[in-house]
**Q** 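Handing you this structure, nothing more for now.
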Protein chains: 2
Amino acid sequence: MYVHTKLVLSLTRIDFHFWIYLSVMKKKITIKDIAKVANVSIGTVDRVIHKRGKVSEKALLKVNAALEELNYKANPLARSLKNNVIYTIAILIPDPEKDLYWLPCRKGIEEVISEYEAFDVDISVHFFDPSKPTSFVQKGMELIAMCPNAFLFVPLFERESDRLLEALNQRDIIKATFNSLPRNHVDQHVGQDLYLSGRVGAKLIYDFVRPASKIAIIHIDEAFNNAIHMQQKEEGFKSFFKEMSPGHEIHTKIVDTEQIRQTLSDFIQENQITMFFVTTSKTYEVARTLESLDMAGTVVGYDLLPDNLSYLKKGRIQFLIHQAPGLQASLSLKSLVEKLLFDKESPKKQLLPIEIINSENVESYP
Amino acid sequence: MYVHTKLVLSLTRIDFHFWIYLSVMKKKITIKDIAKVANVSIGTVDRVIHKRGKVSEKALLKVNAALEELNYKANPLARSLKNNVIYTIAILIPDPEKDLYWLPCRKGIEEVISEYEAFDVDISVHFFDPSKPTSFVQKGMELIAMCPNAFLFVPLFERESDRLLEALNQRDIIKATFNSLPRNHVDQHVGQDLYLSGRVGAKLIYDFVRPASKIAIIHIDEAFNNAIHMQQKEEGFKSFFKEMSPGHEIHTKIVDTEQIRQTLSDFIQENQITMFFVTTSKTYEVARTLESLDMAGTVVGYDLLPDNLSYLKKGRIQFLIHQAPGLQASLSLKSLVEKLLFDKESPKKQLLPIEIINSENVESYP
DNA sequence: TAAAAAAATGTGTACGTACACACTAAATTA
DNA sequence: TAATTTAGTGTGTACGTACACATTTTTTTA
C-alpha cells in the first residue's frame, strides 16, 4: 500500500535534513503509479479496474500484475469527490412527542446529521404517530415516493412494515431498519435479540427469587397485537425459568394505558405479586403502583426514561435493561452514510449488547 | 447548506422527466458559489476563509456575508485530497501475549486499521511488557523519536507515562491515551470512571448481602504501586458501603500472582469470606479457589476473559464489569484518524459506560 | 503627472479518480 | 492497395480546495 520514496541526492548540509524527512515519508499508490509500473496510460489502468473492456490481453496482464504487486486501493476521497452526487437518506421514526422513548433516537440522528453536515449527504427525519399504524404507512409511502437513495425506519408494525418494504422493492432504494423486529429482505438491521433480552430480565429477577415469591410479566402498551417484541421477551423470560426453576408459576398481565393504575393495583393485590418483569419502557407505572400501595417488590424493566431513572435511584426499580435506541439509530444511520459515501460494507444484521443498568452504573450513561 | 437548482426549461416530453429529476436534486455550496454571490474570484474567497489577508475591507464584508448566508462548509473530502499528506499514528499497548486482557484491544485496533486502509493514514501498533515499566518507556521513546503525527498509548504506569508525555511535548505530536488513568495535558483520553466502577461493583454485591456476610476486596496484580486504578475502584466500593451500610466491615487483600492459590485459599478460610469484589481481570482466580475449597460465594469482578466467562456460566461468578478494552482502543483510534483526516473535533475526555455482565447478557457481547 | 511601490484580485495548477473523446494501430473490406 | 472498420490506447477535463504566481488596481513617492 505504501512505498518508501526512493531518492538520490547530493547531500549538502541543507539537503541532509530534507533527506531525513523524505526517507521517513511514505507515499500512497495511485493509478498513476500502476500505469508507470505496467508501462501503460492511466486510462488503460482505469479500464482494467472498472472492467469496461477495450484492453488488450497483454496490457491486462501487466496492469493486473502491477495492481497486485503494489496492492492498489482506490482513494475513497478522490472517488467520492469525483462522484459528485448528493445522496439522500429519509428516516421515519415514531414521534418522540408522543412517546418519550424515542427522544434519544432523534437526538442520536441529529448528532450524526451534524457530524456529516459537510459531506454530500442530505438526511431528513420524519415522524409518525406510534399509536396509529396508518400514519406510519402514509408517511412512509410519501417518503418512498420521493425516491431517496436510502430509507431508514423503525419497523414498529409487522404488516405495515412489510407493505413499505414491498413499495421499496419497486424502486432502487436501500432498505434499512433499526429497533423492534428485523423483517426479511432488509439490507441492514440494527437491533437487539429480544428473546435473549427476556432471558436477561429473568436472570436478574431470579437472583432475588425465594421459593414463595410470586412473579408476573407485565405488558404495558396500547397495541399489543402488533408488538411481537413483547411476546419475544416473554418467551425468553419463561424459557429461563423453565430451565432454572421449572415449577415456578409466572403470571402474565397485559395492561392497557387507559385506567392503568387501577388495573395494575387490582392485579397486584389480588395475586400478591412481589416480582415484576415489565416488557416496555413504561416500567415506572409498576413502580409507582407499588409505591402507592406501600408494598415492597422487585421490579426489572426497560429503558432509561426520566421516570424510570427516578424510581431506579429510589430503589423501587432494581434493574433496567437499556435498549439504547439512540445508539441503534446513530449506528444504523452512520452505516448508511458510509456505505453511500465510501461504499464501506457493514453487517446485514447487527445485534447490540443487552445492557444492564442499576442505580450506580446509570451515572456512566449519557 | 444546500440550494435547490433553479432552472428554466422548455418542457418537451423528454425534458419533463429531466425536470422532475433536477427539481429534487440539491447542490452543495462550494467556494465557487460564494465567489459568484460575493462577486469576487475564488482566490479572494479562499483568502477570506483562511484569513491570510490581502483582501479589501469591502470584499471581506461581501464574502463573509455570502459565507454566512449560504452557510458554507468546506468539503472535507476535497480538502483532504488536496492536503496530500500521509499521517502516521503510532500505538503503544501492553503485549497481549503477556496479558490476555489486551487481546480485544489489539483486535479493535486491527479492525480500525483495515477500515481505513485505503485512506492516507499509516497506523502501526507496538507492544510493551506490562510487567516491565522500563520496556514501556524504552519502546515509547523509540516511537516518539520517529515523530508520528499522533501517539496513542495505554498509560499503565503513572510516572513513566508522564515521562513520555514530557518527551511528546518537545515535539508537535498529538497525545492520546486510553484505558487506565487519564493523565494531565493529554489531547484525548478514552476510559472509564474507575471510582464509579467500584461503586457499581459494590451495588452488585450489596444486593446479595446479609448482615453476617463477610466481604473482601481482592487486588490481584504484580505491580500494585503503579496501578492506581485498583485503588480508585477500592475507594468507590468503600464509599458505597459507607453510605448504604456503614457498619459493615470490608477486608482488603493484595495478592501477588506468585503462589496465588495458596495465599487466596488461606485468606478465605481464615476470615470466612463469602463475598468478593476482585478489582482486576484475574477474577477467575478467586472463583477457582472457591471451587477447589468447595465453598459457595458471591464473586463480582472484571472483564470477559475466557476463564472468567466459564466461571460466570457455571454460576461461580455472579457479575463481571466490562471495561471494553477493545472498544476503548478502537474509539480512540477512530477519533484520531478522523481528527487528522477531516479535522473532526472529539471530546477531550470520553468516559465509556460501565457495563454489567451476567450469565445471560454475556451472549450478546461479541 | 509619471514612475514606483503596495495592495488587491484573478488565474492556473495540483491532488486522485472517472469518464468522454481523440487518436493510433491493426484487421477487415472493397 | 486504398478505404473503412474495429480494437486498443492516450489525453484532457471535471470534481472542490489550496496555494503559487501573474495581473490589475490603488496608493505613495519623486
Side-chain angles (χ1 to χ4, degrees), chain A residues 1-3 5 25-63 66-67 70 72-87 117-121 341-343, chain B residues 1-3 5 25-63 66-67 70 72-87 117-121 341-343:
Chain A
M1 190 89 204
Y2 300 109
V3 279
T5 46
M25 258 180 57
K26 297 184 172 183
K27 208 186 152 308
K28 275 264 158 159
I29 300 299
T30 71
I31 45 172
K32 224 167 159 178
D33 299 309
I34 303 293
K36 209 178 289 167
V37 171
N39 200 32
V40 293
S41 74
I42 57 166
T44 304
V45 176
D46 183 71
R47 273 181 291 265
V48 172
I49 290 170
H50 293 86
K51 298 201 174 87
R52 29 190 174 86
K54 308 202 170 180
V55 175
S56 69
E57 206 161 335
K58 213 171 62 182
L60 189 106
L61 252 58
K62 281 193 296 180
V63 171
L67 246 28
L70 301 185
Y72 171 79
K73 293 262 158 55
N75 183 336
L77 300 180
R79 177 171 282 177
S80 186
L81 180 62
K82 185 66 191 38
N83 195 9
N84 191 31
V85 164
I86 296 197
Y87 295 101
E117 195 182 12
F119 289 82
D120 290 348
V121 269
L341 284 182
F342 310 124
D343 51 11
Chain B
M1 189 88 203
Y2 301 108
V3 277
T5 48
M25 257 180 57
K26 297 187 173 180
K27 211 186 149 308
K28 275 264 159 160
I29 300 298
T30 73
I31 45 173
K32 225 167 160 177
D33 299 309
I34 303 295
K36 209 178 291 166
V37 170
N39 199 30
V40 294
S41 73
I42 57 167
T44 303
V45 176
D46 184 71
R47 273 181 291 263
V48 172
I49 290 171
H50 293 85
K51 299 201 174 88
R52 29 191 174 82
K54 307 199 171 186
V55 176
S56 68
E57 206 161 335
K58 211 172 63 184
L60 189 105
L61 252 58
K62 280 194 296 180
V63 171
L67 246 28
L70 301 185
Y72 171 79
K73 293 264 154 56
N75 183 336
L77 301 179
R79 178 171 281 179
S80 185
L81 179 63
K82 184 67 191 37
N83 195 6
N84 191 31
V85 165
I86 295 196
Y87 296 100
E117 195 182 13
F119 288 82
D120 291 347
V121 269
L341 284 182
F342 311 124
D343 51 11

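Proteins get letters first, then strands, A, B, ... in listed order; numbering begins at 1 in each. This structure is a prediction, so every number in the text was calculated from the model and none was measured.
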**Q** Counting side-chain heavy atoms from C-beta on, which of D/dT9, D/dT17, D/dT11 comes nearest to A/S56?
**A**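 The answer is D/dT9.
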**Q** Which of these nucleotides, C/dT9, D/dA18, D/dG16, is closest to any side-chain atom of B/H50?
**A** D/dA18
**Q** Measuring from the side chain of A/K82 (C-beta onward, heavy atoms only), which nucleotide among C/dT9, D/dC15, D/dT17 has the closest atom?
**A** D/dC15
**Q** Would you find a donor on one side and an acceptor on the other, under 3.5 Å apart, between the side chain of B/K73 and the backbone of B/I29?
**A** no
**Q** Tell me whether A/D33 is salt-bridged to A/K28, with the criterion being a basic N under 4.0 Å from an acidic carboxylate O.
**A** no
**Q** When you compare the side chain of B/Y72 with that of B/V45, does any pair of heavy atoms fall below 4.5 Å?
**A** no
**Q** Would you say a side-chain N or O of A/S41 is under 4.0 Å from OP1 or OP2 of D/dG10?
**A** yes
**Q** Taking the side chain of A/R52 as its heavy atoms from C-beta onward, which of C/dA18, D/dC19, D/dT9 lies nearest to it?
**A**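 For A/R52, the side-chain atoms sit closest to C/dA18.
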**Q** Measure from the side-chain heavy atoms of B/A74 and tell me the nearest of D/dT17, C/dT9, C/dC19.
**A**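 Nucleotide nearest to B/A74's side chain: D/dT17.
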**Q** Classify the nucleic acid contact of B/D46 as base, sugar-phosphate or nothing, counting any heavy atom under 4.0 Å across all strands shown.
**A** base
**Q** So if I take every side-chain heavy atom of B/A78 and compare against D/dT9, D/dT17, D/dG10, which nucleotide ends up nearest?
**A**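 Closest nucleotide to the B/A78 side chain: D/dT17.
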**Q** OP1 or OP2 of C/dG16 less than 4.0 angstrom from a side-chain nitrogen or oxygen of B/N84, does that happen here?
**A** yes
**Q** Using the side-chain heavy atoms of B/I42, tell me which of these nucleotides is nearest: D/dG16, D/dA18, C/dT17.
**A**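 Of all the options, the side chain of B/I42 is nearest to D/dA18.
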**Q** Quick check on DNA chain C: between A/I31 and B/G43, whose nearest nucleotide comes earlier from the 5' end?
**A**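 Residue closer to the 5' terminus by nearest nucleotide: B/G43.
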**Q** Strictly below 4.0 Å: does A/Y72 bring a side-chain N or O up to OP1 or OP2 of C/dT17?
**A** yes
**Q** For D/dG10, does OP1 or OP2 lie under 4.0 Å from any side-chain N or O of A/T44?
**A** yes
**Q** Checking the side chain of A/N75 only, and the main-chain atoms of A/L77 only, is there a donor and an acceptor separated by less than 3.5 Å?
**A**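 Answer holds: yes.
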**Q** Does A/R79 make a side-chain N or O approach to OP1 or OP2 of C/dA18 shorter than 4.0 Å?
**A** yes
